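Just below is one structure, and these are the notes that go with it.
Not measured: the values here are computed from a predicted model.
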Amino acid sequence: MIKIGLTGFGDHEELYGKIKPADRLPAYSAYFSIVEIDSSFYAVQPVKNYVKWVNQTPEQFKFIVKAYQGMTGHLRDKKNYYDTPEEMYRAFHTSIAPVRSAGKLAMTLFQFPPWFDCTKDNVEFLREAKERMLDVPSAIEFRNDSWYSPELRSRTLQFLEQEGWIHTIADEPQAGSGSIPIVPVATTPDITYVRLHGRNTGGWNQSSHPDWRKLRYLYRYSTEELVEWKNRLLTLTQSSRDIYVVFNNNSAGDATPNAQELQSLLGIDGGLAPRQLDLFT
């Protein structure tokens with residue numbers, strides 16, 4: 001089964017108009033059956049937030065929860081609010097417990113930074129992270145192309161399969177070592193994750209620009225590009241039961257129409273909840 005959604009649910013006025021923040025997730029779930037939670041990357045979320053989100057969504061709705069940045073090496077010299085890895089992972093497990101209890105956790109996502117390259121130390125880091133996640137389904141997304149170099153690609157995929165990591169297939173600009181190619185391979189039979197970031201090559205490496213986030217994800221996929229993805233996704237269903245797809249090209253409101261067009265191409269009625277028109281008045 002292929003499920004399509006967006007990263008975040010709070011910034012898509014093109015989808016549900018100007019409505020109160022408290023009404024945005026219920027409105028979102030009328031159109032998409034999955035969402036990626038990104039706020040968890042910046043801080044481990046309070047349990048009450050997940051309780052609220054679980055209660056606001058239909059029974060079959062699923063969440064992908066992004067791992068806290070301290071778990072993926074993004075902090076470097078910045079302060080980590082946890083004294084030990086054990087404390088950090090314990091807090092994260094406690095945080096997502098309501099989503100797991102409700103049966104609404106699709107997976108967590110470990111997105112690693114561009115400087116996280118393929119070395120023995122980093123391979124060991126991944127082993128330890130997977131152990132600390134216990135039995136929580138966990139996906140991995142690389143941002144350094146060394147993992148997919150000709151001499152290491154097959155070993156990387158074999159490692160992910162052996163360790164039980166869900167492979168995240170990314171569509172992003174080919175802009176040097178800090179980006180990865182499309183590698184449409186499943187490493188678990190249950191689930192595969194696909195993240196579509198757009199193909200704005202010129203904006204991808206503009207981290208010194210004050211609006212770098214907007215530049216990076218400023219892109220709208222063409223119908224031809226979405227048809228390419230339709231064919232890839234259908235092929236992936238032969239090796240993985242569920243394929244979760246999120247659009248992250250949010251800078252100018254392109255993610256929503258792209259996601260809805262891909263749903264149409266695949267014949268998917270993405271929403272789970274009845275559309276509440278009173279939310280838009």
Can a side-chain donor-acceptor contact be found between [Y] and [X] if the only test is distance below 3.5 angstrom?
{"X": "Gln45", "Y": "Ser95", "result": "no"}
{"X": "Asp11", "Y": "Asn250", "result": "no"}
{"X": "Asn144", "Y": "Ser146", "result": "yes"}
{"X": "Ser138", "Y": "Thr108", "result": "yes"}
{"X": "Glu161", "Y": "Thr188", "result": "no"}

* Asked: Would Thr237 and Leu233 satisfy side chain to side chain contact (heavy atoms under 4.5 Å, CB included), going step by step from the backbone distance to the final call?
  -> CA-CA 6 Å; Thr237 60; Leu233 296 172; 5.7 Å; no
Spell out, as yes or no, whether a donor-acceptor pair under 3.5 Å connects the side chain of [X] to the backbone of [Y].
{"X": "Arg220", "Y": "Asp254", "result": "no"}
{"X": "Asn122", "Y": "Asp117", "result": "yes"}
{"X": "Thr187", "Y": "His167", "result": "yes"}
{"X": "Glu225", "Y": "Ser222", "result": "yes"}
{"X": "Glu141", "Y": "Tyr193", "result": "no"}

Is any side-chain heavy atom of [X] closer than 4.5 Å to a side-chain heavy atom of [Y]?
{"X": "Met71", "Y": "Arg132", "result": "no"}
{"X": "Tyr82", "Y": "Tyr68", "result": "yes"}
{"X": "Thr223", "Y": "Glu261", "result": "yes"}
{"X": "Thr168", "Y": "Val194", "result": "no"}
{"X": "Leu126", "Y": "Phe112", "result": "yes"}
{"X": "Tyr16", "Y": "Tyr31", "result": "no"}
{"X": "Gln174", "Y": "Pro181", "result": "yes"}
{"X": "Gln260", "Y": "Leu15", "result": "yes"}

* **side-chain hydrogen bond (donor to acceptor under 3.5 Å, both in side chains) between Thr57 and Lys104, worked out** => CA-CA 9 Å; Thr57 49; Lys104 292 186 176 184; 2.8 Å; yes
* For Arg241, does the CZ atom sit with more than 12 other heavy atoms under 6.0 Å from it, leaving out its own atoms? ->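 Correct, the count exceeds 12.
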Thinking salt bridges, do [X] and [Y] make one under a 4.0 Å N-O criterion?
{"X": "Glu172", "Y": "Arg199", "value": "no"}
{"X": "Glu36", "Y": "Arg195", "value": "yes"}
{"X": "Arg153", "Y": "Asp145", "value": "no"}

* Hey, which of Asp38, Asp171, Thr7 is the one that makes side-chain hydrogen bond (donor to acceptor under 3.5 Å, both in side chains) with Asn248? ->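 Of Asp38, Asp171, Thr7, side-chain hydrogen bond (donor to acceptor under 3.5 Å, both in side chains) with Asn248 is met by Thr7 alone.
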Closest heavy-atom pair and its distance - [X], [Y]:
{"X": "Val54", "Y": "Val99", "result": "CG2-CA, 3.9 Å"}
{"X": "Tyr28", "Y": "Leu6", "result": "OH-N, 2.8 Å"}
{"X": "Ala170", "Y": "Ile182", "result": "O-CG1, 3.5 Å"}
{"X": "Cys118", "Y": "Leu152", "result": "SG-CD1, 3.7 Å"}
{"X": "Pro184", "Y": "Leu236", "result": "O-CD2, 3.6 Å"}
{"X": "Pro113", "Y": "Gly73", "result": "CG-O, 4.2 Å"}

* To do: Spell out, yes or no, whether Leu234 and Trp229 are grouped together once hydrophobic residues are joined by side-chain heavy atoms under 4.5 Å, including indirect joins.
  =>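 Yes; Trp229 is reachable from Leu234 via cluster members.
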* To do: Determine the interplanar angle of the Phe142 and Tyr148 rings, folded into 0 to 90°, and report it as parallel if under 30°, tilted if 30 to 60°, perpendicular if over 60°.
  =>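 Phe142 and Tyr148: perpendicular rings.
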* Is the centre of the Trp165 ring less than 6.0 Å from the centre of the Phe110 ring? ->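 Ring centroids of Trp165 and Phe110 are less than 6.0 Å from each other.
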* To do: May I have the step-by-step check of salt bridge (charged side-chain N to carboxylate O under 4.0 Å, His left out) for Arg90 and Glu87, ending in yes or no?
  => CA-CA 5 Å; Arg90 185 163 56 247; Glu87 181 186 355; 5.7 Å; no
* salt bridge (charged side-chain N to carboxylate O under 4.0 Å, His left out) between Lys18 and Asp23, intermediate numbers included -> CA-CA 10 Å; Lys18 294 182 180 292; Asp23 293 331; over 6 Å; no
